[in-house]
Amino acid sequence: MDKNDFSAYVYADNAATTRLSDTALEAMLPYMTAYYGNPSSIYSFSHESRKALSAARSDVAAVLNADPSEIIFTSGGTESDNHAVVGAARANVAKGKHLITSTIEHHALLHTMKQLEKEGYSVTYVPVDGEGTVDVEALKAAVRPDTTVISIMMANNEVGTIQPIAEIGAFAKSKGILFHTDAVQAVGHIPVDVKELNVDMLSLSGHKFHGPKGVGALYLRKGVRILPLMQGGGQERGRRSGTENVAGAVGLAAALKEAASQMETEAARLKALVARLDEGILKIPYTKKTGHPTNRLPGLASYTVEFIEGESMILHLDIRGIAASTGSACSTGSLDPSHVLMAMGLTHEVAHGSLRLSLGKYSTDADVDKILAELPEVVALLRRMSPVWPGLE
Amino acid sequence: MDKNDFSAYVYADNAATTRLSDTALEAMLPYMTAYYGNPSSIYSFSHESRKALSAARSDVAAVLNADPSEIIFTSGGTESDNHAVVGAARANVAKGKHLITSTIEHHALLHTMKQLEKEGYSVTYVPVDGEGTVDVEALKAAVRPDTTVISIMMANNEVGTIQPIAEIGAFAKSKGILFHTDAVQAVGHIPVDVKELNVDMLSLSGHKFHGPKGVGALYLRKGVRILPLMQGGGQERGRRSGTENVAGAVGLAAALKEAASQMETEAARLKALVARLDEGILKIPYTKKTGHPTNRLPGLASYTVEFIEGESMILHLDIRGIAASTGSACSTGSLDPSHVLMAMGLTHEVAHGSLRLSLGKYSTDADVDKILAELPEVVALLRRMSPVWPGLE
Amino acid sequence: MYTEKVMDHFMNPRNVGTIEDANGVGQVGNLKCGDIMKIFLKIENDVIVDVKFQTFGCAAAVATSSMATELIKGKTVQEALQLTNRAVVEALDDLPPMKMHCSVLAEEAVKSALADYYQRQGLDPIPIVGCTGNCDACHSDHAHDHGRSDEEE
Amino acid sequence: MYTEKVMDHFMNPRNVGTIEDANGVGQVGNLKCGDIMKIFLKIENDVIVDVKFQTFGCAAAVATSSMATELIKGKTVQEALQLTNRAVVEALDDLPPMKMHCSVLAEEAVKSALADYYQRQGLDPIPIVGCTGNCDACHSDHAHDHGRSDEEE
Ligand SMILES: Cc1ncc(COP(=O)(O)O)c(C=O)c1O
Ligand SMILES: Cc1ncc(COP(=O)(O)O)c(C=O)c1O
């Protein structure tokens, strides 16, 4: 394959980021070129960008069953997570300094919690079971009189397991504890209704559902007061200062609307593709599926492939024209493999051989064919050079 | 004029935001469509976006005479300002909790200082003279043993006055105090060399020099350690987490490169246009220019027009097809007119009648003609209905 | 941010000017807060036969002055005394929350002119008109949740 | 992030396999840290006449194993003892800082196989070869400023 020709490339890493949808790009372009006014300015030229921003806000709100005033545009999932957790924790120090989260959160959440621990907060990390589902009883038992915030992700980015958010939300509400969910992997892929879920705060990120990179949103329930992460010109009603990324917000909203309107058929289509992946991949000896067997993101398929290491697998797949990812330590630059897989009880050696294939809007049957044609060869090749492969094919 | 037809509109508010340059848009498009890979991924497809991000970083560094490793991409000027000041203040609490800034900073800086005051820091606000130049002697006198950070903007966004940053930088260095400059209005418009200026940190924002909205950068001198504003995946070498806005960074860099390469001719052209504005506008009785007479941003012209109120002036200009801005209280939603004009010693009544015309890359002689044709009529019209106009025309 | 009605009254304000032989003149607001309204009344047989205004201020200040004068023109003094800022706001199809104080100012300007009229008649206006003008309208009604707070660049 | 040389040795590793009648075999690393290298030496008259390896690990682990075997093939035992991780890195046109430990592992794998050879000759390898294999290479060299820290989505 020509190094720079990606026309036949199979992109199976949609949980990492997605291609901008054509609809989203088209929606954005006028606000990159013609209507570039600062939405805060008072002249008519800026009405165009202000209207667009406000329409984007309404569209996002409609998809989440929220009110437009409850949507704050941010620079992405990381900012939304930081803003929600830090802002809520600091706004409620008078009540206490105890926070609850899970062991399988994204680093945007976990590292934020670690930082808050340094500032004197105490954090309980609730464990998960072997399928990556948060232990709700342990969560309930962790509540203390000084607990102010609970944050549990809606769907995990490595294994795809969907968490019992509605149940946790109802519980948090009954205890008067603020509840945040990192729904970055969920929004646009599975139904998300902030009222049904009983969440006070919810993070989402545009580039996970074929919107642009560098723009996200935070749902903040009416009446909930949290501290802003940034001070400045008072945009987003004082909750998020900085000249608004109008084109970004418009693109995010267009992509989300599109994803929501196609969600049902798209989820069914992706599930069928993933079923084919499962069938083909699980025929390879010593492979297992990770995450919950059914209660999972429709396009995310995650496996362990024993006796080989993930980075090597990814690079061999890449050379054969397939983009996938792994939780292997080698690919993350840390000493340990994915904290998610470890929290689910996998051993180091097995976690090193993890493989995530995440399909999206632009994935096809042909993509699956290609993966199923190449992966077994790559696995065999790597196992042949592995000193630990018992050779039991 | 048709309400939605802006083809003949004169946009004279380039200090608020600018039109994306065609070069920048073209540079961005491939990273919005074809090369959408997550720069952190290890497969070859993501090399494209990683290379683009790294080229953007080098380009920005080159313009500022910095090293690429010293450039952190952010979501805009506001984030850069917050990150620099909060991150530097918190990283140096062991040394002290005293900060120095000026009275004419942008709210991204001033409100951040106010927030730090709430957290127990003490802040000295150095005054400016009648032309908006920071009083360097007062700044020097304000230094205490526990002073950790000085932040002075490079060029003011309301009156255009350029500050003696190199002088302050040399002083701060001699005292071992970290020095940040908000160069959001300066970068792309006047030469900015971080080494000559002796700054440790410098903020810039893409949309002020015909780059995209929602992306900025922070220059952080090698060896300077500040706390990150956001925790997460460790992007930007751990200094700014969150999936990178590749297209945004590429657009910012392309716009900056373009602006830098045209700076000399463009500054001369803008100065000539502003000279024509000055000549025409100062013929209107009871008008004055604000800011420094010569040491100012080339495209920014600011005036006071007595006996009328700014918002009315802006809206009348708008209906005649001209976008401008004012520091009047009415346009800002606060009780008081622009803190910058007040800090310069203007009275409330005069500050209410301020007018800012900021020209840019796409401003023409015809734009100036139009402003000079319409503005005197608008002023006359408003003065005619003003109860305070002495009628001395 | 402004309704079409507001923009219409701002661009084409009704009753701008002065009345040479006015028998009721009132001015409220001050330059410090950026809004001054001056109202001239010509009252004959308790009927407002003519009204003019001058305003220094934002679009809302101009539009509320204009609308207020329209609402009292041809009305009796008693009717004019019933004018409320709410009525002005409604007649303009609403104002942004942060501009509500302008409607208060318009009501006060009318009342202040009426007070002047009573005073010229030798009557103490306070029991009839109540407090006017000195209520410091420019600093009231600002506490509202006023949507976006600042324009910033 | 990898040089072309690294990718070449990763994609087309030299000397993969085992040697049935090896007279020096060494294995270093462990599954926990995700890198295991096993080296087989066939030494005749103090010359390494054949060498093979098996590796479980990332691209850098495979490439450093491959390069290390190339560097010692046909060399004397004394020459092979001089192999350093630096030499492996240089031969590969560099490694990312966070992958340096793989080159350390490759050096240790070679030394561990040589130690086994000495042991089989009835000699105590420690004074000759030094510490091998148990230096826990997987946890060394990680403190470097390793560019970006995590891949994250
Ligand atoms: C001087 C100055 N600093 C900071 C900012 C904030 O930049 P941004 O709106 O891109 O966050 C601006 C403009 O908005 C500015 O003019
Ligand atoms: C679950 C989850 N949370 C948060 C994030 C952070 O989002 P972003 O990279 O857009 O800041 C991601 C992806 O990166 C994610 O998968």
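All chains are named by letter (A, B, ...) in the order of the sequence lines, taking the proteins before the strands, and each is independently numbered beginning at 1.
In this structure a side-chain-to-backbone donor-acceptor pair under 3.5 Å is present from His111(B) to Gly232(A). Remark: side-chain polar atoms of Lys114(A) are not paired, donor with acceptor, to backbone N or O of Gln231(B) under 3.5 angstrom. A donor-acceptor pair under 3.5 Å is absent between the side-chain atoms of Asn82(A) and the main chain of Met230(B), judged by distance alone. Remark: the backbone N or O of Thr17(B) is not paired with any side-chain donor or acceptor of Asn38(A) at under 3.5 angstrom. Between the side chain of Lys213(B) and the backbone N or O of Tyr36(A) there is at least one donor-acceptor pair closer than 3.5 Å.
Note that the OG atom of Ser44(B) and the CD1 atom of Ile319(A) stand 8.0 Å from one another [nearest 0.5 Å]. With rounding to the nearest 0.5 Å, the separation of CD in Glu311(A) from OH in Tyr43(B) is 13.5 Å.
Interface check for chain B: of the options Gly37(A), Pro228(A), Gly251(A), the most heavy-atom pairs under 4.5 Å are formed by Gly37(A). Heavy-atom pairs under 4.5 Å with chain B peak, among Thr18(A), Leu109(A), Leu227(A), Leu29(A), at Thr18(A). Between chain B and the options His47(A), Met113(A), Arg90(A), His83(A), the largest number of non-hydrogen pairs under 4.5 Å is found for Arg90(A). Ranked by heavy-atom pairs shorter than 4.5 Å toward chain B, the options Ala34(A), Ala24(A), Ser75(A) are led by Ser75(A).
Proximity to chain A is absent for every atom of Ser46(B), based on heavy atoms less than 4.5 angstrom apart. Both the backbone and the side chain of Asn245(B) come within contact range of chain A, judged by heavy atoms closer than 4.5 Å. Contact of Ala247(B) with chain A is not made at all, since no heavy-atom distance falls under 4.5 Å. Neither the backbone nor the side chain of Thr74(A) comes within less than 4.5 Å of any heavy atom of chain B. Neither the backbone nor the side chain of Leu317(A) has a heavy atom closer than 4.5 Å to any heavy atom of chain B. For chain A, the nearby parts of Leu229(B) are the backbone and the side chain; heavy atoms of each come within less than 4.5 Å. Heavy-atom distances place the side chain of Met28(B), and not its backbone, under 4.5 Å from chain A. Residue contact with chain B, scored on non-hydrogen atoms closer than 4.5 Å, involves the side chain of Gln115(A) exclusively.
Ring-plane geometry between Phe6(B) and Phe45(A) is classed as perpendicular, the angle between the planes exceeding 60 degrees on a 0 to 90 degree scale with a lower cut at 30.
In this structure, the side chains of Arg19(A) and Thr33(B) stay at 4.5 Å or more apart for every pair of heavy atoms.
The two residues Asp13(B) and Ser41(A) come nearest to each other via the heavy atoms OD2-OG, 3.8 Å.
Within a 6.0 Å radius of CD in Glu117(A), more than 12 heavy atoms belonging to other residues, nucleotides or ligands are found. Atom CD of Glu119(A) has more than 12 neighbouring heavy atoms from other residues, nucleotides or ligands inside a 6.0 Å radius.
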